[in-house]
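Take a look at the structure set out below.
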Number of protein chains: 2
Amino acid sequence: MSNMGYAGHMELHEPELREVPVTAVLAALADDVRLQIVRTLAEGGGEYACGTFEFGVSKATRSHHLKVLREAGLTRTRVAGTSRYVRLRREELERLYPGLLDAVLAAPTRA
Amino acid sequence: MSNMGYAGHMELHEPELREVPVTAVLAALADDVRLQIVRTLAEGGGEYACGTFEFGVSKATRSHHLKVLREAGLTRTRVAGTSRYVRLRREELERLYPGLLDAVLAAPTRA
DNA sequence: TCCAATGTTCGAGTATCGTCGAACCAACGG
DNA sequence: CCGTTGGTTCGACGATACTCGAACATTGGA
């Protein structure tokens, strides 16, 4: 009955947004791959399986970026079967950082 | 030769804002020292000599951060005598990234 | 039961970042 | 001139960040 060594039963680390320094939120957004993920989540508006985000990186790297987003308080993850469904924490973000996400999303894709 | 503004032969690199990827702007803001500098500039509204920003780092580090801000298109620098005066590029930022700077500045200082 | 699918974690390589002291430079004031 | 002042640059350091392949865990189906 050991559950050692793997995160299958571990709780996903999803911090309270107010515990996250704004610099961490900005750092999470300051990466091309992660910004593409966030854009996809924002445009779709709902949940996406991790595998959705095919942006030219390996699945290990993708998993890493999703973890960064989650631990920066930007996303929430729901586990279902072998898949994990990710969604943006829009309302919470809007409450704590009004206008921030919209401003970033409105920015030109390629500057 | 005119004596007008002979500010040494070093050219400051101040890119056009549209040439700067938004991720670079976000990365520039995603540091505590730099965010404090930006806050100071925004609250004061005008120009500040580099020496103004005493945030517990050496002057070499301060100079580095000011360079990062400048090259991310966030600030402009005017050379006068032995001093350099830094100011925020608010209007340009507002035009290209409407609401972004305000949202960041409105964020809680101590998250 | 075995296998494929979906993700995560590990270990390592490379790159970039933040930091400092020391050396440097240009401008100013005696 | 010479020294001081304001600031930059250099070289180095340790810490982080991004990336990948490989190995692993969990689920669900043949």
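We use all heavy atoms of the structure for the numbers below, so side chains are in, but hydrogens, waters and symmetry mates are not. Proteins come first, then strands; the chains are lettered A, B, ... in the order of their sequence lines, and each starts at number 1.
- Scanning residues 53-76 of chain B for heavy-atom distances under 4.0 Å to DNA chain D yields B:Lys59, B:Ala60, B:Ser63.
- For A:His65, the side chain to side chain donor-acceptor pair (under 3.5 Å) criterion is met by A:Arg34, not counting sequence neighbours.
- Between B:Ser83 and C:dA27 there is no side-chain N or O to OP1 or OP2 distance below 4.0 Å.
- Picking from D:dG7, C:dT19, C:dT8 the nucleotide with the shortest atom distance to the side chain of A:Cys50 gives C:dT8.
- Looking at the side chain of A:Ala49, the nearest of the listed nucleotides C:dA27, C:dG7, D:dT8 is C:dG7.
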Discussion item. Assess the residue pair A:Ser63 and A:Leu66 against the criterion (side-chain contact (heavy atoms from CB on, under 4.5 Å)); give the C-alpha distance rounded to whole Å, side-chain angles, the decisive distance to 0.1 Å, and a yes or no.
Written reply: CA-CA 5 Å; A:Ser63 191; A:Leu66 289 169; 5.8 Å; no
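- In this structure, A:His13 places its NE2 atom 16 Å from P of C:dT8, rounding to the nearest Å.
- For D:dG6, neither phosphate oxygen OP1 nor OP2 lies less than 4.0 angstrom from any side-chain nitrogen or oxygen of B:Arg84.
- One can place CG of B:Asp31 at 17 Å from P of D:dA15, the figure rounded to the nearest angstrom.
- Remark: B:Glu71 pairs with no residue by the salt bridge (Lys or Arg N to Asp or Glu O under 4.0 Å) rule, at least two apart or across chains.
- Spacing between atom CG of A:Leu29 and atom P of D:dC18 amounts to 12 Å, rounded to whole angstrom units.
- Atom CG in B:Leu35 sits about 13 Å away from atom P in C:dG18, given to the nearest Å.
- Under the rule for a salt bridge (Lys or Arg N to Asp or Glu O under 4.0 Å), the partners of B:Glu16 that lie at least two apart in sequence or sit in another chain are B:Arg18.
- Residues satisfying the salt bridge (Lys or Arg N to Asp or Glu O under 4.0 Å) criterion with A:Asp102, sequence neighbours excluded, are A:Arg90.
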Under 3.5 Å donor-acceptor pairs involving side-chain atoms of residues 35-46 of chain B, not counting sequence neighbours:
from: B:Arg39; atom 1: NH1; to: B:Leu105; atom 2: O; distance (Å): 2.9
from: B:Thr40; atom 1: OG1; to: B:Gln36; atom 2: O; distance (Å): 2.9

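- What separates CD1 of B:Ile37 from C1' of C:dG18 is a distance of 13 Å, to the nearest Å.
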